[in-house]
Amino acid sequence: MNTAVRGPVTVAAKPIGPAGAVAPAPRWARRAAHVAALVALPSSLWRLGLALGFPLGYTDQGLRALVGPSVWGPFYLVALSVLSEIAAVLTLGLVQRWGEVVPRWVPVVGGKNIPRKAVLIPAWIGGAVHTALWTQLLAWWAIPHTNMTQTGATVVGFIYLPLVAWAPLMAAATLSYQRRHRR
């Protein structure tokens, strides 16, 4: 970074770049986004195991009730895991260049700027949805889980507990994006 000396104080100069260039995300925002992208992984892997037929804390009857006899139960668990991971990875767009400009390899719109509202509105709504969905997991151990083994209920509680952090981490990364993209 360029610095200019003015008397006894050293002042950092603004980086030189194209007009309208956005400063990179601060380190704390990058860390928040990366951790947010990881918090969905344990529960997604657990659901994939259930979809493959492993009880993973459920009683045999509880697993049959969850997955069901048709293909829809496992399909639902796999789809939920995939969608969770896509949402988690999209959180990285709040601190990466591809969250500001469509990658060039994308047909038709590649290289174009992504409108600020097209990022911020889904990000804030996603944070609100995550808050509504996952905050209740703080009470996981206070809820009886009759379709799970005692050990399974404890372990699953810890597998799902990181999801509670998703909303505040996402909110931090979104706030950073919003501040960096002020008009």
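Index from 1, following the sequence.
Annotation: side-chain hydrogen bond (donor to acceptor under 3.5 Å, both in side chains) contacts of Trp140 (sequence neighbours excluded): none. By the side-chain contact (heavy atoms from CB on, under 4.5 Å) test, Ala37 pairs with Leu92, sequence neighbours left out. Under the side-chain hydrogen bond (donor to acceptor under 3.5 Å, both in side chains) criterion, Gln96 pairs with no residue, sequence neighbours left out. In this view, Arg104 satisfies the side-chain contact (heavy atoms from CB on, under 4.5 Å) rule with no residue, not counting sequence neighbours. With sequence neighbours excluded, the residues forming a salt bridge (Lys or Arg N to Asp or Glu O under 4.0 Å) with Arg180 are Glu100, listed by chain and number. For Pro55, the side-chain contact (heavy atoms from CB on, under 4.5 Å) criterion is met by Leu63, not counting sequence neighbours. Judged as a side-chain contact (heavy atoms from CB on, under 4.5 Å), and not counting sequence neighbours, the contacts of Ile86 are Val82, Leu90.
Annotation: ring pair (Phe, Tyr, Trp, His ring centres under 6.0 Å) contacts involving residues 77-124, sequence neighbours excluded, are absent. Residue pairs meeting the side chain to side chain donor-acceptor pair (under 3.5 Å) criterion with at least one partner in residues 51-80, sequence neighbours excluded, are absent.
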Donor-acceptor contacts, no H, no angles, side chain residues 147-168, under 3.5 Å, sequence neighbours left out:
residue, atom, partner, partner atom, Å
Thr149, OG1, Gly57, O, 3.4
Thr149, OG1, Gly152, N, 2.9
Thr154, OG1, Gln150, O, 3.1
Tyr160, OH, Arg47, NH1, 2.8

Using atom types as modelled, flag every donor-acceptor pair under 3.5 Å from a side chain in residues 126-137 to any protein atom, sequence neighbours excluded.
residue, atom, partner, partner atom, Å
His130, ND1, Trp134, NE1, 3.3
Thr131, OG1, Gly127, O, 2.8
Thr135, OG1, Thr131, O, 2.7
Gln136, NE2, Leu133, O, 2.9

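You'll find the side chain of Leu50 reaches within 4.5 Å of the side chain of Leu66, heavy atoms only. In this structure, the side chains of Leu48 and Leu77 stay at 4.5 Å or more apart for every pair of heavy atoms.
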